Structure formats: structure tokens, C-alpha cells
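For the single chain, residues carry numbers from 1 onward in sequence order. Since this is a predicted model, take the numbers as computed values, not measurements.
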Amino acid sequence: MDSDFWTKQPKKNPLLKYLKIGDILKSSQYGISVSMNEENKGYPIYRMNEIHNMLCDLEVDKCADISKYEFQKFELKDRDVLFNRTNSFEWVGRTGVYYQNNKIPKTFASYLVRFNPDENVILPEYLATFLNTKQGVWDVKRRARQSINQTNVNPEEVKEIEIPLLPIAFQNEIRNRFEKANKDRILSQQIYRQAEELLLETLGLKDFTPSEKGINIKRFKESFLATGRMDAEYYQPKYEEMIKHIERFETERLNRIVSIKKSVEPGSDAYKTEGIPFIRVANVSKFGLTETDIFLDKSKFGNSGLQPKKDTILLSKDGTIGIAYKIEQDTDIITSGALLHLTVTNKDFLPDYVTLVLNSEVVKMQAERDAGGSIIQHWKPSEIEQVIIPKIPMPIQQQISALIQESFGLRTESEELLMEAKEMVEREVNNSHNQTLMLT
């Protein structure tokens with residue numbers, strides 16, 4: 001009965017044959033509904049926030065502690081298509097291909113649905129691409145049912161979406177781009193890890209294991225009078241051990257390395273469906289920025305000067321704290337107030353090196369100590385300014401920077417291949433003059 005379903009019917013190319021998605025599926029399945037943990041107990045489990053750029057992420061954050069018998073019913077197979085059926089309006093319909101890149105068995109959560117198409121008709125890569133095109137997203141969103149805090153798309157309605165039948169030869173071109181993109185991101189991650197290992201080796205932290213002792217005796221003048229902190233967690237021995245370890249090197253406080261600029265929080269009433277991309281903490285990882293469905297009005301924010309420039313480091317201070325990513329090119333995005341903008345001003349430190357240290361255990365432990373054990377974490381800018389950064393020889397910083405640039409170059413190539421695949425499908429679906437697609 002909802003009007004969107006009837007007023008937003010997608011246009012079809014009269015020269016193409018269409019079939020309902022349900023008619024080309026060999027199987028479909030809801031994921032498993034089970035509690036999850038971050039202690040690596042059980043099987044790694046994919047959630048809705050672990051699908052980006054039409055691919056399932058290489059790593060996941062949580063596990064499901066289930067029996068082998070139960071797991072066998074929900075084990076992910078190579079080239080499964082995962083569709084996100086529920087959550088916020090922006091997340092609903094997100095679709096990606098799962099590639100089994102290692103021997104670690106994985107499963108998927110109940111708010112995801114697994115689709116397995118008949119590959120004689122539709123390849124998994126083409127199905128995922130179509131559901132990410134303008135036409136596919138439009139058809140999925142019009143079927144979404146929105147409530148106050150949640151949006152749902154019934155998988156049975158997804159099966160009613162009509163998908164154009166493109167030649168298998170063309171679909172294989174899409175598959176080739178997916179597979180190359182997947183290989184590029186794996187290699188990108190391997191090279192990034194080389195940079196991380198070089199940093200740890202230089203700092204002598206490769207085999208560093210902090211103390212697990214929970215007791216530390218401090219005099220009043222050594223604790224509250226010196227730090228202003230009374231919470232016991234702040235004084236755990238492991239934090240002191242890390243600081244003492246890196247202070248064997250020459251160090252500098254972060255505020256003597258970078259200038260720090262705050263962004264703004266325009267409020268949800270300023271959110272638009274088009275305009276300037278608005279990036280939040282959830283859109284940031286150490287590997288880059290993910291797509292956003294939230295935008296800001298160009299007429300109000302276009303000349304605000306809030307857009308981060310090349311080499312600006314974004315650092316999260318709220319929610320998931322301590323995530324750092326360096327902007328590779330000037331952008332037209334605006335970030336939320338939970339992300340600080342750091343610009344390196346000290347010539348003894350390279351931006352790539354500073355970013356890597358911010359993402360390392362060296363700073364993660366300082367962030368963990370400062371933010372305390374609250375459920376919603378907040379890292380004060382005044383605390384961030386006092387973060388200790390080790391200064392290592394410039395030739396090693398340059399090696400680290402070169403590895404990171406190589407890694408990010410491969411990741412960019414991966415994203416471009418996937419974007420090219422989506423644009424190819426959109427062109428073919430819209431192209432009424434392509435004789436190879438005409439019905440015979």
C-alpha cells in the first residue's frame with residue numbers, strides 16, 4: 001500500500017529480456033541468529049557493516065561460537081552473494097560477493113541473506129553489480145519498509161526484482177574485474193602489513209607483550225596531582241610499560257608534530273540525499289573511506305572551507321576512537337565533528353609515518369588509557385595533543401611511506417575496477433542501440 005512502491009517503478013529497456021531474480025536463483029538463505037564475541041571464539045561471522053564496494057571485507061571483527069553441525073548449515077562458499085536486508089535505510093540493500101581467500105571457514109549473520117544464482121544464466125558478480133547500480137538500488141529502496149529506527153527489505157520481494165539478461169561473455173568481463181580487484185586488495189593488505197612490521201621492528205615491538213598485572217601502586221602526587229585522573233584503569237602497568245619502551249627513542253608530543261582542526265556537526269536535520277558527501281566515523285578505516293548515503297546542502301556548505309585537503313589525517317575521537325586515515329587527494333567531503341583534521345607541520349615527520357603510528361599499538365594503548373572503560377568512548381582533544389610519537393630515522397620513514405603508497409595504489413586500482421564494472425552494467429542496461437543485447 002506504500003506509495004513509493006507504485007510511484008517509483010524502474011524503467012526497463014524494451015530491447016532486453018528480463019527475469020525475476022527469484023527465477024534465476026538456485027538457492028537463498030537467511031544467515032544465523034546467534035550472539036557474537038570479539039574474543040575469536042568460534043567462527044568468524046560477517047555482518048552488514050563488512051560489505052564495501054561490492055565485495056565482502058577481507059577480515060571481520062566478530063565470531064560466532066556455534067557447533068560444527070550448526071556451522072555447516074551456514075558456511076560461506078566461494079562467490080556467495082550476500083545481501084543486507086535490514087538496518088538503517090542507507091545500509092539496506094548493500095550487496096557484495098564473498099571470495100574464499102584463505103582456509104579460515106566463515107559464516108554470516110541473520111540480517112544478511114545469501115543468494116546463489118544459476119550460473120548458466122546469471123553470474124554472482126553480475127547479480128551483485130546489478131543490485132548496486134542505480135537501477136538496482138532504486139528497485140530495492142522502493143521495496144524497503146521504514147519504521148522509526150529500522151528499515152527492512154523482505155528477501156521475497158527482492159526475488160520479485162527483474163534483472164536484465166546480459167550475454168554471459170559480458171558477465172564474464174564483469175567477473176574478471178571483480179577477481180582482479182579482489183587480488184589487488186589482498187596484495188595491498190600484504191604490502192601494508194610490511195609497513196606495519198617495519199615500524200614494529202624499528203621500535204623493537206614485534207615481540208613486545210605488555211604486562212597483564214592489574215595492580216599498580218601510586219602516590220597521590222604521582223597520580224591525581226600529576227594527571228588529574230583518579231580511575232584505576234588509567235594506571236594499569238601495561239600503559240606505563242609501552243610508554244617506557246618507546247621513550248628509549250627520541251619522542252615528540254603530537255601537538256608539536258601536527259596542527260589540529262575540528263570539523264563541525266551540522267545535525268541530522270541538515271542531512272540530504274544529494275550534495276556534499278558527509279563522512280562519519282563509520283565511513284573511515286585505516287585503508288580508506290567508504291561510500292556514504294548522507295549528504296549536505298552545497299549552497300550552505302560548499303564554501304565552508306571544511307573539506308580536507310591532500311595529506312590531511314582524519315582521526316576519530318568519538319565512538320570507535322583512534323582510527324586514522326590520510327587523505328590522498330583534495331576532496332569535496334565534509335566530516336563529522338567526531339573526526340579531527342591533522343596536518344603535519346614538523347619536517348622531521350612524514351604524514352604516512354604519522355598515520356601508521358596513530359593506527360599502531362603505540363597510540364592505540366594511549367587512546368585506550370585516556371578514554372577509559374566507558375561504553376561510548378570519547379578521546380579528548382587535549383589528551384590527543386599529548387600523545388607521544390616516537391621519532392625514527394628519516395630513511396626508515398621514507399621506506400614506510402613508499403610501502404604505504406604502493407599499498408594504497410593497489411587499493412585504488414581495485415576500487416576503480418569495481419566502479420568500472422558497475423558503470424559497464426549501467427551503460428549496457430540503458431543502451432537501447434546496442435544490437436548485441438536485442439532480443440532475437
(message) Donor-acceptor check, side chain of Thr202 to backbone of Leu198, threshold 3.5 angstrom: yes or no?
(response) yes
(request) Would you confirm whether Ser316, through its side chain, and Ile323, through its main-chain N or O, come within 3.5 Å as a donor-acceptor pair? (result) yes
(request) Measure centre to centre between the rings of Phe287 and Tyr192, then say whether the value is under 6.0 Å. (result) yes
Regarding [X] and [Y], does a basic nitrogen lie under 4.0 Å from an acidic carboxylate oxygen?
X: Lys20; Y: Glu162; result: no
X: Arg193; Y: Glu59; result: yes
X: Lys380; Y: Asp370; result: no
X: Lys244; Y: Glu241; result: no
X: Arg253; Y: Glu385; result: no

(message) Between Glu196 and Lys286, is the salt bridge (charged side-chain N to carboxylate O under 4.0 Å, His left out) condition met? List the steps.
(response) CA-CA 12 Å; Glu196 291 178 317; Lys286 63 183 180 181; 2.9 Å; yes
(request) Locate the shortest heavy-atom distance separating Ile389 from Tyr353; write the atom from each residue and the value. (result)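 Closest approach of Ile389 to Tyr353, heavy atoms only: CG2-CE2, 4.5 Å.
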(request) Determine the minimum heavy-atom distance between Leu112 and Asn84, stating which atoms define it. (result)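 In terms of heavy atoms, the two residues are closest at CD2-CA, 3.7 Å.
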What pairs of residues pass the salt bridge (Lys or Arg N to Asp or Glu O under 4.0 Å) test when at least one of them lies in [range], not counting sequence neighbours?
range: residues 116-133; answer: Arg79-Glu119, Arg79-Glu125
range: residues 95-117; answer: Asp80-Arg114
range: residues 61-75; answer: Arg47-Asp61

Judged by modelled atom types alone, do [X] and [Y] share a side-chain donor-acceptor pair under 3.5 Å?
X: Gln405; Y: Asp352; answer: yes
X: Thr251; Y: Lys391; answer: no
X: Ser27; Y: Asn116; answer: yes

(message) Going by side-chain hydrogen bond (donor to acceptor under 3.5 Å, both in side chains), name the pairs with one or both residues in residues 37-46, residues two or more places apart or in two chains.
(response)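 Those involving residues 37-46 do not exist here.
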(request) Apply side chain to side chain contact (heavy atoms under 4.5 Å, CB included) to Asp184 and list each qualifying residue two or more places apart in sequence or on a separate chain. (result)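 Applying side chain to side chain contact (heavy atoms under 4.5 Å, CB included) to Asp184 gives Lys180, Leu410, Glu413, Ser414, Leu417.
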Can you give me every donor-acceptor pair (side chain of residues 331-338, partner residue at least two apart or in another chain, under 3.5 Å) with its distance?
{"unit_1": "Thr331", "atom_1": "OG1", "unit_2": "Pro308", "atom_2": "O", "d": "3.1"}
{"unit_1": "Thr335", "atom_1": "OG1", "unit_2": "Ser263", "atom_2": "OG", "d": "3.3"}
{"unit_1": "Thr335", "atom_1": "OG1", "unit_2": "His341", "atom_2": "NE2", "d": "2.8"}
{"unit_1": "Ser336", "atom_1": "OG", "unit_2": "Ala338", "atom_2": "N", "d": "3.2"}

